[in-house]
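In each ligand, atom 1 is the first atom listed, and ligand 1 is the first ligand listed.
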Amino acid sequence: MRINNGYVDEHIPEGTDIVREINRLKEKKNAIIMAHYYTVPEVQDIADFIGDSLALSQKAAETDADIIIFAGVHFMGETAKILSPEKKVIVPDLNAGCSLSESCKPEDFAELINKNPGYTVISYVNTSAGVKALTDIVCTSSNAVKIVDSLPREEKIIFGPDRNLGNYIKSVTGRENMLIWNGACHVHEEFSLAKIIELKNEHPDAKILAHPECKKPILLVADYVGSTAALLDYARKDDSQKYIVVTESGILHQMMKENPEKLFIPAPPIDSTCGCNDCIFMKLINLNKIYNSLKYEAPEIHINEELRIKAEKSIRRMLEMS
Ligand code: 13P
Ligand code: SF4
């Protein structure tokens, strides 16, 4: 078995029924495939569990599978491993990183914390195990407001690494005493307000749905702001027929599947040839890589035990508070 460039690079014989083989191997090995909503449609369709970051963390903590194939990005697999160290956790392509997580190195984050004693540290789940180990409470876009709101108003907070989510929480909760890390997600930062307004002018009856990782001017024009799961829930329950969707394009697959009678229009980024906005990291995960990773049980996520124990505390605190 060859791991080349971060994934198992083995030839798959022509004519292999990949989906059938994945299902056969999954059963034989007691494996579960978990996928984030931003992965490509064919990956979402073979997953045993699809979710946003919070739901995936909750599922990773409770599954009784022996192997977790994490169809998502590296920090998600790492979170699963932190919560379930006895399991084999595999991310089919280790190149599936995250620009937001990369924007916050543990040593730099530690410097900010050390310069500001007495602050409670809240970190978005989109961080490395090293950052989580420095954190008091992890959060996701689903529960960030609830977690901040549950702390006494006078509590001083360091929030990292997403500045847009941090500023959104600050304005929703009315907190003054929040220090926010200056990081951002390359996907959500690049949406174009001008193009969204153009789309709205073309479709005045469409509602704008936006993820809180988007910049403030976009959140101000949105009809609804929420995490991936919250946007899906809104689209399911709301009675409009058209939506301009300002988040990663993978979400459109479930939106259209669940609401075939409604129209979902992807918002384009500033520079766009495809008209939608993809996370290049999430899109690295495909069926061939899942098949090979399941067959050869690689590449596995490993975490230093001392670091894992520290990081686990802050994730468990989030799970208790969610
Ligand atoms: P949620 O899954 O919390 O909506 O976060 C979106 C995201 O950017 C995942 O990487
Ligand atoms: Fe990271 Fe953004 Fe991709 Fe999510 S969408 S994995 S935050 S780069």
Side-chain angles (χ1 to χ4, degrees), residues 34-40 43-44 47 49-60 70-80 91-105 122-128 131-132 137-148 159-166 168-169 181-191 209-215 218-219 222 224-235 245-255 266-267 269 276-285 315 318-319 322:
M34 307 215 288
H36 191 273
Y37 289 119
Y38 293 170
T39 52
V40 294
V43 166
Q44 294 186 37
F49 186 82
I50 325 174
D52 70 347
S53 305
L54 176 62
L56 288 165
S57 315
Q58 287 166 329
K59 185 73 185 171
F70 217 110
V73 294
H74 190 271
F75 75 78
M76 295 179 171
E78 214 174 45
T79 303
V91 172
D93 187 340
L94 295 178
N95 297 300
C98 167
S99 58
L100 181 53
S101 174
E102 276 303 304
S103 72
C104 187
K105 302 278 184 220
I122 303 184
S123 296
Y124 201 24
V125 73
N126 302 38
T127 46
S128 63
V131 167
K132 289 187 178 84
I137 317 169
V138 166
C139 72
T140 76
S141 58
S142 281
N143 57 20
V145 168
K146 185 176 170 192
I147 286 175
V148 170
F159 183 88
D162 191 277
R163 58 174 175 251
N164 295 325
L165 178 67
Y168 173 72
I169 298 165
W181 187 262
N182 192 20
C185 152
H186 76 286
V187 178
H188 291 90
E189 271 275 295
E190 282 173 15
F191 283 109
L209 308 181
H211 194 281
E213 286 174 26
C214 295
K215 286 181 181 165
I218 291 176
L219 300 182
Y224 182 72
V225 176
S227 70
T228 311
L231 296 181
L232 274 162
D233 194 49
Y234 186 88
V245 183
V246 199
T247 187
E248 209 274 349
S249 62
I251 195 176
L252 293 160
H253 180 56
Q254 292 302 321
M255 280 184 168
C276 56
N277 205 352
D278 289 345
C279 172
I280 49 168
F281 304 112
M282 291 278 187
K283 301 310 191 225
L284 288 174
I285 310 298
I315 306 174
M318 166 186 83
L319 295 176
S322 298

Yes or no: does E248 have any heavy atom under 4.0 Å from an atom of ligand 2? no

Could you tell me whether ligand 2 has any atom less than 4.0 Å away from a heavy atom of H36? no

Result of checking P161, S101, C104 against V131 for side chain to side chain contact (heavy atoms under 4.5 Å, CB included):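 When side chain to side chain contact (heavy atoms under 4.5 Å, CB included) is applied between V131 and each of P161, S101, C104, only C104 qualifies.
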
Just to verify, which of D93, V73, N95 counts as forming a side chain to side chain contact (heavy atoms under 4.5 Å, CB included) with F281?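 With F281 as partner, D93, V73, N95 yield a single side chain to side chain contact (heavy atoms under 4.5 Å, CB included), made by V73.
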
Nearest protein heavy atom to [atom], by residue and atom, and its distance?
atom	value
atom 4 (O) of ligand 1	T228 OG1, 2.4 Å
atom 7 (C) of ligand 1	Y38 CE1, 3.4 Å
atom 3 (O) of ligand 1	S141 OG, 2.6 Å
atom 2 (Fe) of ligand 2	C185 SG, 2.3 Å

Quick check: does [X] get an N/O under 3.5 Å from an N/O on ligand 1?
X	result
N126	yes
S53	yes
H188	no

Those atoms of ligand 2 less than 4.0 Å from some heavy atom in [X]:
X	answer
N126	4 (Fe), 7 (S)
S99	8 (S)
Y38	5 (S)
E213	7 (S)
H186	8 (S)

The reported gap from CG in L252 to OH in Y38 (rounded to nearest 0.5 angstrom) is 10.5 Å

What part of H211, side chain, backbone, both or neither, has a heavy atom within less than 4.0 angstrom of ligand 1? side chain

Atom 3 (Fe) of ligand 2 to nearest N/O/S of C279 less than 2.8 Å: yes

Starting from the C-alpha separation in whole Å, work towards a yes-or-no answer on side chain to side chain contact (heavy atoms under 4.5 Å, CB included) for H36 and T228. CA-CA 9 Å; H36 191 273; T228 311; 4.2 Å; yes

Could you go through the side chain to side chain contact (heavy atoms under 4.5 Å, CB included) check for F70 and T79 one step at a time? CA-CA 10 Å; F70 217 110; T79 303; over 6 Å; no

Given H36, M282, E213, M76, identify the one with the heavy atom nearest to atom 2 (O) of ligand 1. H36

Taking both backbone and side-chain atoms into account, decide whether C98 has an N/O/S atom under 2.8 Å from atom 1 (Fe) of ligand 2. yes

Over all heavy atoms of both residues, which pair between F75 and T127 is shortest? Give the atoms and the distance, please.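 The pair with the smallest heavy-atom distance is CB-O, 3.4 Å.
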
Pair H211-T247, side-chain donor/acceptor within less than 3.5 Å: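 Result is no, nothing qualifies.
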
Just checking, is any N or O donor in the side chain of D52 or T140 under 3.5 Å from an acceptor N or O on the other one? no

Would you please test N164 and E189 for side-chain hydrogen bond (donor to acceptor under 3.5 Å, both in side chains) and show each step? CA-CA 9 Å; N164 295 325; E189 271 275 295; 2.9 Å; yes

Do M76 and S53 make a side-chain contact, defined as non-hydrogen atoms from C-beta onward lying under 4.5 Å apart? yes

Show which atoms of ligand 1 fall inside a sub-4.0 Å distance from at least one heavy-atom site of D52.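 So the answer, numbered in order with elements, is 2 (O).
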
Could you list the atoms of ligand 1 found under 4.0 angstrom from a heavy atom of Y124?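 The list of qualifying atoms is 5 (O).
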
Checking C279 against H186 for the side chain to side chain contact (heavy atoms under 4.5 Å, CB included) test, could you report, in this order, the C-alpha distance in whole Å, the side-chain angles of both residues, the deciding distance, and whether it holds? CA-CA 8 Å; C279 172; H186 76 286; 4.2 Å; yes

Tell me, with the steps shown, if S128 and E78 meet side chain to side chain contact (heavy atoms under 4.5 Å, CB included). CA-CA 8 Å; S128 63; E78 214 174 45; 4.3 Å; yes

